Amino acid sequence: MGNSFFNPNLRLLLVRHIRLNAREWASPNLAAPYWRWYWNAQPGAAVALAGRETPLLPDQFMLIPPETPFHGRVQGTPWHLYCHFLADPPYDAA
């Protein structure tokens, strides 16, 4: 395997640190053609994938592959750090 396997090319699309609210995560399908990386400083939000809800907790992060249908749930207005990015093969899809 070449060096690119261990050092993938990543293209950063967006990085934001916002307060989440229920209106922002009201969509039933947030699938997109890029990777998503999520980390929350406080509990209160969750991601539902394939019928299973996983809370976004301060001691964990979540990585969601491209074209993965999911929806979010939020109570309150927790801080939410997120990054959208693209990756070259073999990391372009999961």
Side-chain angles (χ1 to χ4, degrees):
M1 291 191 179
N3 192 27
S4 65
F5 183 79
F6 296 105
N7 297 305
N9 235 359
L10 300 179
R11 188 170 25 165
L12 192 58
L13 303 174
L14 179 68
V15 175
R16 291 217 171 118
H17 190 227
I18 62 169
R19 284 221 181 249
L20 276 182
N21 62 58
R23 184 176 38 107
E24 291 172 1
W25 275 24
S27 175
N29 182 0
L30 292 170
Y34 45 78
W35 287 88
R36 295 171 183 257
W37 179 90
Y38 291 158
W39 178 77
N40 283 20
Q42 301 96 18
V47 168
L49 296 143
R52 180 177 171 203
E53 188 171 284
T54 303
L56 298 173
L57 302 172
D59 63 342
Q60 303 170 3
F61 69 86
M62 180 171 286
L63 187 62
I64 301 173
E67 303 301 348
T68 301
F70 74 97
H71 69 273
R73 180 194 55 79
V74 65
Q75 292 180 308
T77 55
W79 280 104
H80 179 69
L81 176 63
Y82 68 97
C83 172
H84 298 167
F85 64 95
L86 298 171
D88 283 348
Y91 303 102
D92 56 336

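All residue numbers in this chain count up from 1 along the given sequence. Atoms considered below: every heavy atom in the structure, side chains included; atoms not considered: hydrogens, waters and symmetry mates. What you see is a predicted model; the values in this text were computed from it and never measured.
Nearest heavy atoms, P43 versus P78: O-CB, 3.9 Å. Scanning both residues, R23 and N21, for their nearest heavy atoms gives N-OD1, 3.0 Å. Counting all heavy atoms, side chain and backbone alike, L86 lies closest to P33 at CD2-O, 3.4 Å.
Here R19 pairs with nothing under the side-chain hydrogen bond (donor to acceptor under 3.5 Å, both in side chains) rule; sequence neighbours left out.
Note that CE of M62 and CD1 of I64 are 5.5 Å apart. Values are rounded to the nearest 0.5 Å. The distance from atom CG of L20 to atom CD of Q75, rounded to the nearest 0.5 Å, is 12.5 Å. With values rounded to the nearest 0.5 angstrom, L56 atom CG is found 13.5 Å from Y82 atom OH. R16 contributes atom CZ, which lies 11.0 Å from atom NE2 of H80 (distance to the nearest 0.5 angstrom).
Here the side chain of W39 pairs a donor or acceptor atom with the backbone of P58 at under 3.5 angstrom.
Taking the six-membered ring where tryptophan is involved, the planes of F85 and W35 are essentially parallel, since the angle between them stays under 30° and well short of 60°. Classified by interplanar angle (parallel below 30°, tilted 30° to 60°, perpendicular above 60°), the ring pair H17/W79 is parallel.
Note: the hydrophobic cluster containing L10 also contains L81 (ILVMFWY, side chain heavy atoms under 4.5 Å, direct or indirect links). A continuous path of ILVMFWY side-chain contacts below 4.5 Å connects L49 to V74, so both sit in one hydrophobic cluster.
Between R36 and the options L13, L30, V47, L63, a side chain to side chain contact (heavy atoms under 4.5 Å, CB included) holds for only L30.
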